[in-house]
Amino acid sequence: MAVGSGRGALIILEGLDRSGKTTQCKKLLESLRSHQHKVKLIKFPDRTTETGKMIDSYLKQNMKIDDRAIHLLFSANRWEKRLEMLKDLEQGITLIVDRYAFSGVAFSSAKKGLELEWCKCPDRGLPKPDLVIFLNVSSSDAASRGGYGEERYENTEFQKTVANNFKRMWDEWKVIDAGGSIDDVHQTILNYVKSTMQSVDDKPIGELWI
Ligand code: Z5A
């Protein structure tokens with residue numbers, strides 16, 4: 001694969017709780033860097049910005065925020081990264097993103113009264129991914145990776161609804177069985193990512209859900 005030709009690819013890793021998104025994002029970053037690709041890792045929510053600090057406080061259950069307001073904050077947390085993301089992609093940097101708008105929609109629409117279509121609206125127009133990889137893991141495999149922590153949303157019933165919401169969006173994604181070994185899952189992801197990086201070339205960056 002040629003290094004440094006064309007724009008970078010926008011690669012999203014989504015998945016169920018403890019499916020290994022963070023582990024796989026880091027492995028992917030290391031692997032691509034070791035082959036001299038220009039690549040960066042982004043994680044949403046980005047808890048370091050002003051919106052991110054409010055989100056962090058909400059997730060740690062230190063702050064109550066209206067369901068729709070927190071949905072908009074998660075979305076704003078992505079919009080504030082948009083220009084930087086576009087600039088990186090145009091400069092040939094591939095972006096690996098740990099959770100994106102799909103998590104926003106899947107989690108918020110698991111709440112009473114929030115329709116999936118309504119939840120998509122604030123993220124319409126964000127940079128459109130070139131590849132979405134969904135790490136699918138059975139609840140028993142996930143359970144063997146440790147119990148739930150103290151954060152909001154970390155309970156079985158809510159996570160089941162979230163899983164169903166992801167399924168409503170996953171038609172065009174690469175859905176991977178993330179129950180295998182860390183290395184096997186990594187190899188599968190790497191193959192998809194390499195072929196996507198080769199295919200983006202100078203294709204214009206799309207807009208999500210437009
Ligand atoms: N949220 C939202 O509501 N709206 C939004 O717009 C966005 C997010 C973007 C915080 O997310 C919450 O925010 C999240 C969604 C909501 N709520 N929940 N639940 P976060 O990204 O900050 O944190 P997280 O998503 O909860 O992390 P995670 O799902 O728990 O973990 P993960 O990244 O998928 O997994 P991991 O940390 O890589 O691995 C978990 C453990 O499994 C670890 O011990 C690994 O060593 C082990 N592991 C990983 N892979 C394997 C394999 N293949 N075999 C065995 N063991 C493994």
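Order of listing sets the numbers, starting from 1, for every ligand and every atom in it. Computed over heavy atoms, backbone and side chain alike; hydrogens, waters and symmetry mates excluded.
- Judged by distance alone, the side chains of Asp98 and Thr22 do bring a donor and an acceptor atom under 3.5 Å apart.
- Checked against a 3.5 angstrom limit, the closest N/O atoms of Gly180 and ligand 1 fall inside it.
- Heavy-atom separations between Arg78 and ligand 1 include at least one value shorter than 4.0 Å.
- Using a 4.0 Å cut-off between a side-chain N of Lys or Arg and a carboxylate O of Asp or Glu, Glu30 and Arg33 do not qualify as a salt bridge.
- Neither the backbone nor the side chain of Ile55 has any atom closer than 4.0 Å to an atom of ligand 1 (non-hydrogen atoms only).
- At a distance under 4.0 Å, no protein heavy atom can be found next to atom 27 (O) of ligand 1.
- By the criterion of a heavy-atom distance under 4.0 Å, neither the backbone nor the side chain of Arg152 is placed next to ligand 1.
- Residue contacts with ligand 1 do not include Gly15, since none of its heavy atoms lies under 4.0 Å from the ligand.
- Between Phe74 and ligand 1, a contact under 3.5 Å exists for no N or O pair.
- Side-chain atoms of Thr196 and Asp130 form no donor-acceptor pair, as typed in the model, at a separation below 3.5 Å.
- Distance from atom 29 (O) of ligand 1 to its nearest protein heavy atom, with residue and atom name: Lys21 NZ, 2.8 Å.
- Considering only non-hydrogen protein atoms, atom 44 (O) of ligand 1 sits nearest to Arg145 O, 4.5 Å.
- Between Gln24 and ligand 1, not a single N/O pair is under 3.5 Å apart.
- With a 4.0 Å cut-off on non-hydrogen atoms, Arg99 touches ligand 1 through its side chain and not its backbone.
- When only interatomic distances are considered, the shortest N/O to N/O separation between Glu151 and ligand 1 does not fall below 3.5 Å.
- Protein heavy atom closest to atom 23 (O) of ligand 1, with residue, atom name and distance, is Lys43 NZ, 4.1 Å.
- At a heavy-atom distance under 4.0 Å, only side-chain atoms of Gln159, from C-beta outward, approach ligand 1.
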